[in-house]
Each structure stands twice: as structure tokens, then as C-alpha cells.
There are 2 protein chains.
Amino acid sequence: MRRPTIADIARQAGVSKGAVSYALNGQPGVSEATRARILAIAKEIGWRPNLAARTLNGARAHAVGLALCRPARFLGVEPFFMELISGIEAELSARSYALLLQVVGDHEAEMGVYRRWWGEGRVDGAILVDLHVDDPRVPQVQEMGMPVVVLGHPSAAGSLVPVWADDSSAVRETVEYLVALGHRRIARVAGLPQLSHTAIRDRAFGDVCADLSLDSCPIVHTDYTGEEGARATRRLLSSPERPTAIVFDNDIMAVAGLSVAQEMRLDVPADLSIVAWDDSPLCQVVRPPLTVLTRDIPAYGAHAAQRLLALIDGAEAGPLEDEAPRLTTRGSTAPPA
Amino acid sequence: MRRPTIADIARQAGVSKGAVSYALNGQPGVSEATRARILAIAKEIGWRPNLAARTLNGARAHAVGLALCRPARFLGVEPFFMELISGIEAELSARSYALLLQVVGDHEAEMGVYRRWWGEGRVDGAILVDLHVDDPRVPQVQEMGMPVVVLGHPSAAGSLVPVWADDSSAVRETVEYLVALGHRRIARVAGLPQLSHTAIRDRAFGDVCADLSLDSCPIVHTDYTGEEGARATRRLLSSPERPTAIVFDNDIMAVAGLSVAQEMRLDVPADLSIVAWDDSPLCQVVRPPLTVLTRDIPAYGAHAAQRLLALIDGAEAGPLEDEAPRLTTRGSTAPPA
DNA sequence: CCCCTCGGCTGAACCGGTCCAGTGACCCTC
DNA sequence: GAGGGTCACTGGACCGGTTCAGCCGAGGGG
């Protein structure tokens with residue numbers, strides 16, 4: 001049982017392929033009566049447009065690509081990507097676009113994937129995430145001429161369209177809040193130093209600490225895992241200038257830090273205040289529940305997808321600044337004892 | 001700058017399109033000298049096969065589909081899907097297959113997605129997850145004639161190829177272990193009751209509790225969220241026949257349960273033992289670290305992808321029983337006080 | 001020396017759509 | 001009633017590959 005084609009419909013309706021094409025695509029060139037007849041036949045025999053045939057005529061592939069370049073075990077850890085993907089999807093599926101996903105090992109492999117997808121006509125565009133400082137992917141995709149939206153700060157996006165949020169102001173808001181509570185020694189447990197958003201947050205943290213002339217404001221870099229988060233916390237809490245507050249770059253490290261504090265018989269929040277970046281069910285489930293920097297990640301993904309679809313449609317798309325992360329206070333922050 | 005086609009290569013090499021096609025596909029019909037010349041030109045001008053054109057000739061679409069039918073906020077919570085996807089991908093990308101992903105709201109939408117993908121020739125097959133009891137999707141995809149691998153127990157897979165693990169024996173192993181420690185009142189905080197693996201675990205739990213004539217063995221169903229896990233735990237710990245051990249169906253509920261216990265001034269593991277289903281960094285980060293049922297989820301995904309590719313290649317693929325979850329003991333389980 | 005075979009290649013059909021030029025039929029208008 | 005315009009539709013080229021029938025020339029066997 002072959003899939004029905006427009007030729008089958010044409011034969012049944014007693015018209016030409018061309019007329020069927022017009023009818024099915026809502027284009028002028030057929031009478032309403034004929035159109036209705038053709039649509040009825042198409043429905044009856046269960047006709048679906050063959051995407052390959054359409055694509056071959058220079059039409060869109062109706063798919064966009066996303067290559068994620070983090071080891072599988074890190075991907076699973078953070079809800080971020082799954083939420084991002086569901087946001088992207090919500091937008092794409094409304095327009096019947098598909099998402100092509102690939103998990104790759106490094107940036108070279110990632111570029112290989114994009115080149116292949118683009119070269120094969122499999123995707124109409126892509127979303128670039130996890131920008132690095134001086135990211136080599138930016139000039140490379142620019143050169144490919146593929147429509148691309150970048151999730152990250154405009155300063156790192158070259159001439160690509162960026163969708164971003166103001167992490168700096170979020171960092172500032174957090175530190176100012178902690179200082180208002182009375183903290184003078186605040187530490188930051190950051191993610192991978194080569195990521196551009198880590199650099200931006202690091203700088204903002206340094207700046208605000210200098211502005212407020214804090215006593216100490218160390219930054220420790222990690223790989224986002226709970227183990228490194230725990231180790232960093234242990235190190236910070238063992239130092240002579242022990243911080244009274246720590247801001248973590250993700251939820252899993254914050255929870256690990258909380259465990260370390262409890263292990264060391266420090267009370268949270270009396271002896272140590274904790275702030276996590278990105279809210280997740282996890283943050284609300286532990287005791288005390290964690291004060292967090294909240295982002296609407298699905299919306300972030302949806303906006304990126306919107307911008308990309310606009311770009312694919314040939315529209316001029318400018319950068320989009322999304323809502324900055326908001327501080328949501330819970331039980332893990334308080335004035336130092 | 002148009003993408004180069006085989007016609008461009010043919011012109012440059014001074015041969016026909018046909019000859020180029022033979023050369024590029026490693027088929028007989030051209031001399032080795034010509035083949036080398038053609039390959040060199042193809043490489044030089046950066047030729048890539050146009051997938052649409054190939055697909056149009058009845059070739060494979062070189063993509064498989066995966067539609068996930070859980071609300072976005074649940075998806076983000078559990079590392080399961082991200083790990084599963086990375087496992088699937090590892091296998092697919094080795095064969096240059098792409099993964100089409102879509103997050104849908106309900107089973108009807110999911111079937112719509114599969115029908116569209118299959119009808120449009122966008123995918124060569126699909127992977128079905130989260131089987132329900134008497135799942136309507138099973139007969140429907142069977143009817144479509146699309147190659148499909150099911151992640152779930154053979155009893156629910158109809159004539160589709162199942163890839164599964166023996167959850168029953170894992171449940172039994174866990175309960176027997178807890179009983180060996182001295183527990184007589186063991187509860188199970190389960191996931192969505194309509195999921196077929198929940199039903200299987202429920203039955204196994206009931207069976208082993210009966211076999212060992214336990215004093216009480218309540219089951220509470222939840223939606224997998226931390227909140228419901230916490231509520232279920234609170235209810236169980238407030239009952240007159242308070243359990244001394246609880247087995248949770250995922251990690252986030254187990255952590256929520258741990259928090260509830262600590263809130264109620266119960267010591268874990270002295271007053272309450274906790275077991276979580278599926279290991280994750282989270283389980284190792286909390287205090288005490290959680291005893292868990294460990295599965296190699298990426299491998300699970302990889303096996304499903306392997307089976308599916310075999311099916312697509314027209315091979316006869318039988319059911320595949322994957323390794324059963326193993327009990328990994330950590331600090332959250334001990335003899336009752 | 002002729003015939004046959006076979007390797008190497010060409011030309012064209014084909015996949016399932018889109019889209020453009022062209023063709024009648026019909027209506028309107030002066 | 002001739003000219004012009006519009007509408008509904010046809011036929012065929014085309015997208016970029018694959019594949020098949022057939023052609024040509026070289027080499028081998030009788």
C-alpha cells in the first residue's frame with residue numbers, strides 16, 4: 001500500500017496535478033467547487049504532503065537544529081536544557097517545525113553536525129547555546145550563512161542574533177540584598193570559566209563587591225557537578241575568612257553546598273546563607289528551601305525559537321533582551337548570626 | 001552562492017550525472033581513476049548530498065522520532081529523559097541518523113505527531129516511551145506500519161519490539177534487603193498509576209510483601225513531583241502504623257521525603273530508611289546520601305536505538321531484556337532503631 | 001578475422017511535489 | 001460583434017539525486 005500522492009488525487013478528481021497542488025495549498029487557480037472536491041478526496045485517501053518533495057523545490061526543511069555540547073552526565077543533572085527544549089518546542093510545534101537534536105562531544109563535532117545538517121538541507125536554521133569566550137563557532141556559522149540565534153550576551157554573538165538576559169543586574173541585585181542583610185564576606189561558586197556567561201557573572205560579582213567595598217569576595221570555578229560544588233564549599237568554609245554567604249551558579253551545587261554546611265554543623269541560614277542560580281523543584285524540596293535566582297527558561301527558549309523562525313522567514317530580527325533573573329527569597333538566606 | 005550539486009561535479013569532471021552518482025556511492029560502473037577524480041572535485045567544491053533528493057527516491061529519511069508526553073515542568077525534573085536521549089543519540093549519530101524530538105501535551109497529540117512525521121516521510125521509525133496500561137498508541141502505531149521500538153514491558157507492547165528491564169526483580173531485591181535489615185513496615189511512594197511500569201512495580205511490591213508476610217505495605221500514588229512526594233511521606237509518617245522504610249519511585253520524591261523526615265525530627269536512617277529509584281547526582285549530594293536502584297539509562301536508550309535501526313534495516317528484531325536495576329546501598333538505609 | 005563479452009560510461013526516466021506559460025471558455029464593453 | 005480581460009485549468013519544466021537500459025570500444029576466444 002503505497003502512500004497516496006497528488007497524482008492519485010488528480011486521477012480520481014479528473015484534473016491535473018497542478019490543479020491539485022493549487023487546491024491543497026489554498027492558492028488561487030481553482031474554483032471553490034473543485035477545491036472542495038479535491039480536499040475531500042485528499043482527506044479520504046489520507047494524503048500527506050511528502051516533505052522531501054517539497055524541500056526539493058527549494059521550500060523550507062521545516063526543521064531547526066540544536067546541538068548540545070556537554071557530556072551526557074552533565075546534561076542530565078540540570079533541568080535547564082530540558083526546560084529550554086520544551087520552550088523551544090512549544091514555539092516550533094505551533095508552526096509545525098521539528099527540532100533536530102544532537103548531543104556532541106566537542107565544538108568541532110558540533111560544527112560538523114551543523115555543516116552536515118545545513119549542507120544536506122535538513123534544517124533551516126539553528127540555535128547556538130553555551131557560548132564560550134571568543135567562541136570559534138560564531139565566525140564559523142556566520143560564514144556558513146545559516147540563520148542562527150544565539151542564546152547569550154550580544155558581546156559574544158558577533159553579527160548573529162542574540163537572545164539574552166541581564167545576568168549582571170541579577171548578580172548585583174543578589175549581592176546588594178545579601179549586603180543589606182548584613183553580609184560582608186560573600187563567595188561565588190561559579191561554573192566553567194570558559195563559558196561566556198560565567199565570565200560576565202564573574203565580572204559583575206567583582207564589580208559590585210568593589211563598589212560596596214566588601215571584606216572578601218572569592219570566586220571558585222567548577223564544572224557544575226555536585227562533587228565540585230561540595231569541594232568548593234568545603235574549601236571556602238574551611239578558610240580563615242569564612243564567607244557568611246555563598247552564591248552558587250546552579251541548583252545542584254547549591255544543594256551540595258547545603259549538605260556540606262550541615263555536615264560541618266553550620267546552620268543554614270544562621271551561619272551561612274545560600275543562593276542558587278535557576279530555580280527547580282529541587283530547591284524547594286530541601287530544608288531549608290533555597291533562595292534562588294529565577295528565570296522563565298521555557299520562555300527564554302520560546303523567544304529564541306520565535307526569533308529564529310522570523311530570521312528564517314527573511315525578517316530582520318534584532319537582539320532580544322529577555323527578563324533578567326529575579327531573586328526569589330526562601331529560607332536559605334538571613335542576616336549572619 | 002548555490003549549494004553545489006552532482007550536476008556541477010559532472011560538468012567539471014566532464015562526465016554524466018550518473019557516473020558521478022556511481023562514483024560518490026562507491027558503486028561499480030566507473031573506473032578507479034574517474035572515481036578518484038570525481039571524489040576530489042566533490043571534496044574541493046564542498047559537495048554534500050541533498051537529503052531531500054535522496055529521500056524522494058525512496059531512500060531512508062535518516063531520522064527517527066521521539067515524542068515525549070509529559071508536561072514540561074515534569075520533564076525538567078527528572079534526569080531520566082536527558083540521559084535516555086543522550087544514549088539514543090550516541091547510537092544514532094554513529095550511523096548519521098538524526099533524532100526528531102517533540103514534547104506533546106497528550107497521547108492524541110503524540111499520535112498526530114507520529115502520523116505526520118511518518119506520512120511526510122520525515123522519519124523512518126520511532127521510539128515509544130511511558131507506556132500506559134492498555135495503551136491505545138500500541139495498536140495505532142502497529143496499524144501505521146511504522147517501525148517502532150517500545151521502552152517498556154513486553155506484556156504492554158503488543159506486537160511491537162520491546163526493550164525492557166525487569167523492574168519486578170528490582171522491587172523484590174529491595175524489599176528483601178530491607179526485610180533482612182529488620183524492617184516489617186515498608187511503604188512505596190509510586191508514580192502515576194496509569195503508567196504500565198508503575199502497575200508492574202505495584203504488583204511486584206504487593207507480591208513480595210505478601211510472600212514475606214509483612215505487617216504493612218501501603219502504596220501511595222503521586223505525579224512524580226517533589227510536592228506530592230513530600231505530601232505522601234508526611235501522610236505515611238503521620239499514620240499510626242508508621243513505616244520504617246519507604247521506597248520512592250524517583251529521586252526528587254526521595255529527597256523531598258528525606259526533607260519531610262528531617263522536618264519531623266526523624267533520623268534517617270535510624271528512624272526511617274529511604275530508597276530512591278534511579279540514581280542521580282542529587283542522590284549523592286544530600287545527607288545522608290541515598291540508597292538507590294541504579295540503571296544504566298544511556299545504555300537503555302542506546303539499546304532501543306540499536307533495535308530500531310535494525311528494524312528499519314528490515315532485520316527481524318526480537319525483544320531485548322536489559323540489565324535489571326541494581327541496588328546501590330548508601331547511608332539512607334539501616335536496620336530500624 | 002569475426003563475434004562475443006564486459007567494463008565504463010551516457011541519456012533519460014523517475015521520485016512527488018511546485019510553479020509558470022499557455023489555452024479555452026466565458027463575460028463585459030464599446 | 002470584435003476586442004480585451006478574467007477565470008479555471010492543463011501541460012510540462014524543474015528541484016537533485018538514483019537507477020536502468022543501452023551504447024561504444026577494447027580484449028579474448030574460436
Side-chain angles (χ1 to χ4, degrees), chain A residues 1-39 41-42 45-63 96 116-124, chain B residues 1-39 41-42 45-63 96 116-124:
Chain A
M1 55 173 226
R2 236 179 64 269
R3 277 200 258 274
T5 73
I6 57 164
D8 298 324
I9 302 179
R11 205 175 319 111
Q12 276 198 45
V15 295
S16 70
K17 272 171 56 179
V20 174
S21 178
Y22 293 139
L24 293 171
N25 292 298
Q27 289 185 21
V30 283
S31 66
E32 280 314 310
T34 310
R35 186 188 303 276
R37 192 156 43 93
I38 288 172
L39 287 175
I41 295 174
I45 66 176
W47 175 84
R48 300 258 172 181
N50 179 317
L51 204 88
R54 282 200 168 153
T55 306
L56 198 49
N57 281 293
R60 316 259 85 115
H62 286 270
S96 287
R116 190 161 61 78
W117 280 349
W118 181 242
E120 289 177 347
R122 215 194 246 277
V123 299
D124 301 323
Chain B
M1 54 173 225
R2 236 178 62 270
R3 277 200 260 272
T5 72
I6 57 165
D8 299 324
I9 301 178
R11 206 176 319 112
Q12 276 199 44
V15 295
S16 70
K17 273 170 55 179
V20 174
S21 177
Y22 292 139
L24 292 171
N25 292 299
Q27 288 186 23
V30 283
S31 66
E32 279 314 310
T34 310
R35 186 188 302 275
R37 189 154 47 92
I38 288 172
L39 287 174
I41 295 174
I45 66 176
W47 176 84
R48 301 256 171 181
N50 178 315
L51 205 85
R54 280 199 169 155
T55 306
L56 198 49
N57 282 293
R60 315 258 87 113
H62 286 271
S96 286
R116 190 160 61 77
W117 281 349
W118 181 242
E120 289 177 346
R122 212 192 246 280
V123 299
D124 301 324

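We name chains A, B, ... by the order of the sequence lines, and we start the count at 1 in each one.
- Two residues are said to be in side-chain contact when any heavy atoms from C-beta on lie closer than 4.5 Å; A/Ile9 and A/Leu24 meet this criterion.
- Across all non-hydrogen atoms, the minimal contact from A/Arg60 to A/Asp124 is CB-OD2, 3.3 Å.
- Side-chain contact between A/Asp8 and A/Arg11 is present, with at least one heavy-atom pair separated by less than 4.5 Å.
- At the heavy-atom level, B/Thr34 lies under 4.0 Å from the strands shown only through sugar-phosphate atoms.
- In this entry the distance linking CZ of B/Arg54 with P of D/dG17 reads 8 Å, nearest Å.
- Looking at heavy-atom distances under 4.0 Å, A/Gly14 makes contact with sugar-phosphate atoms alone, never a base.
- A straight line from CG of B/Leu24 to P of D/dG16 spans 15 Å, rounded to a whole angstrom.
- If you measure from atom CG of A/Leu51 to atom C1' of D/dC15, you get 14 Å, rounded to the nearest angstrom.
- Heavy atoms of B/Gly58 sit nowhere under 4.0 angstrom from any nucleic acid atom.
- Remark: C1' of C/dG8 and CD of B/Glu32 are 12 Å apart, rounded to the nearest angstrom.
- Whole-Å rounding puts the A/Gln27 CD to D/dA8 C1' distance at 14 Å.
- Distance from the side chain of B/Trp47 is smallest to D/dG17 among D/dG17, C/dC19, C/dG17.
- When side chains are defined from C-beta on, B/Arg122 counts as touching A/His62, because their heavy atoms get closer than 4.5 Å.
- The side chain of A/Ser31 places an N or O atom within less than 4.0 Å of a non-bridging phosphate oxygen (OP1 or OP2) of D/dC9.
- Residue order along DNA chain C, read from the 5' end via each residue's closest nucleotide, puts B/Ser16 first among A/Ser21 and B/Ser16.
- Remark: P of C/dC14 and CG of B/Leu56 are 14 Å apart, rounded to the nearest angstrom.
- Taking CH2 of B/Trp117 as the reference point, atom CZ of A/Arg48 lies at 13.0 Å (rounded to 0.5 Å).
- Among the heavy atoms of the strands lying under 4.0 Å from B/Val15 are primed sugar atoms or P, OP1, OP2 only; no base atom is included.
- At a cut-off of 3.5 angstrom, counting only N and O atoms as typed in the model, there is a donor on one side and an acceptor on the other between the side-chain of A/Lys17 and the base of C/dG17.
- Along DNA chain C, the nucleotide nearest to A/Asn25 and the one nearest to B/Ala19 differ in position, and the one closer to the 5' end is contacted by B/Ala19.
- At a threshold of 4.0 angstrom between heavy atoms, the contacts of A/Arg48 are confined to the sugar-phosphate backbone, with no base atom among them.
- Positionally, the nearest nucleotide of DNA chain D for B/Ala52 lies more toward the 5' end than for the other of B/Gly18 and B/Ala52.
- A/Ile9 places its CD1 atom 14 Å from the P atom of D/dT10, with the value rounded to the nearest Å.
- The base of D/dG17 sits with one of its N or O atoms less than 3.5 Å from a complementary donor or acceptor on the side chain of B/Asn57.
- In this structure, B/Arg35 contributes its side chain and B/Gln27 its backbone to a donor-acceptor pair below 3.5 Å.
- The base of D/dC7 has none of its N or O atoms less than 3.5 Å from a complementary donor or acceptor on the side chain of A/Tyr22.
- Between A/Ile38 atom CD1 and C/dT18 atom P the separation is 12 Å, expressed in whole Å.
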